[in-house]
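Here is the structure we will look at.
Just so you know, residue 1 is the first one in the sequence shown, and it goes up from there. Values reported hereafter were calculated over all heavy atoms of this structure, with side chains retained and with hydrogens, waters and symmetry mates removed. Computed from a predicted model, the values in this text were never measured in an experiment.
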Amino acid sequence: MCLIMETDDHEAVVLAPPSNFSMVEDGIYRSGFPRPENFSFLKTLNLRSTIYLCPEPYPEENLQFLEANNIKLYQFGIEGKTDPPTAMPKDTVLDALRVLVDVRNHPILIHCKRGKHRTGCLVGCLRKVQSWCLSSVLEEYQKNAGLKWRQRDLNFIETFDIVSLRQCLLSIIYQYHGYGFKRRRLAYEEETIQTPKPQAAKV
């Protein structure tokens, strides 16, 4: 899918979203790994933050794009190996969720390599925080993962304990009243908030 935008000089600019791009909800997006040809599209989202769920170092050209557009990078190094299978690290997912639910980081883009498994698990855990019914959470994961969906990912989402997230939030109280961005409330205790730190990538 590509979009065409007309500039002030009446020139046509093609806007190509990253692979598997979609909106999770207002202010939260998901996709596969952004490439340089996607940068013009990403600029239209006015992103504040990006959550990157792979252990590999972020490419220099992507870092330059983030810096030029004042976008903060949060990297959480989750392995995506299938042989042998690598389990989703619960503590790392909790750290990523802390960043994701903080509306001060919105608009935010979540991505891994293909935007299917690691990204799908994080979004699935977010849906549990939003009190979605489990069948809808798992259906959304499978829809985005397509034929490549993984049973172990479904098991991880199903058994993920959102009580742990609430304990992890400490001074940030995040309450949903419905699923929409405009129907949720974030209460801060500014004096005790600690800035979340991304997990360092392993080279």
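Phe160 has its side chain within reach of Leu97: a pair of non-hydrogen atoms, C-beta onward, lies under 4.5 Å apart. Inter-residue side-chain proximity for Ile51 and Asn105 is flagged as unmet; no heavy-atom pair is nearer than 4.5 Å. You'll find the side chain of Pro34 reaches within 4.5 Å of the side chain of Asn62, heavy atoms only. Looking only at side-chain heavy atoms (C-beta outward), Glu158 and Val137 stay at 4.5 Å or farther from each other.
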*Evaluate the criterion ring pair (Phe, Tyr, Trp, His ring centres under 6.0 Å) for residue pair Phe76 and Tyr52; output intermediate values, then yes/no.*
CA-CA 6 Å; Phe76 300 93; Tyr52 172 46; 9.9 Å; no
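Ring centers of His111 and Tyr74: at least 6.0 Å apart, outside the cut-off. Here Phe33 and Tyr58 bring their ring centres to under 6.0 angstrom of each other.
Residues Lys116 and Asn144 approach most closely at CG-O, 3.7 Å, considering heavy atoms.
With Arg48 contributing its side chain and Arg104 its backbone, the two residues share a donor-acceptor pair below 3.5 Å. At least one donor-acceptor pair closer than 3.5 Å links the side chain of Asn38 to the backbone N or O of Arg35. In this structure, Ser31 contributes its side chain and Asn20 its backbone to no donor-acceptor pair below 3.5 Å. A donor-acceptor pair under 3.5 Å is absent between the side-chain atoms of His106 and the main chain of Leu47, judged by distance alone. Of the possible donor and acceptor atoms, one in the side chain of Gln75 sits under 3.5 Å from a partner among the backbone N and O of Glu56.
Applying the side-chain hydrogen bond (donor to acceptor under 3.5 Å, both in side chains) criterion to Asn155, with sequence neighbours excluded, gives Gln151. Lys43 meets the side chain to side chain contact (heavy atoms under 4.5 Å, CB included) test with Phe65, Asn69; sequence neighbours excluded.
Residue Glu139 places its CD atom among 12 or fewer non-hydrogen atoms of other residues, nucleotides or ligands, all under 6.0 Å distant.
Checked against Met88 for a side chain to side chain contact (heavy atoms under 4.5 Å, CB included), the options Ile157, Leu122, Asp153 give a single hit: Asp153.
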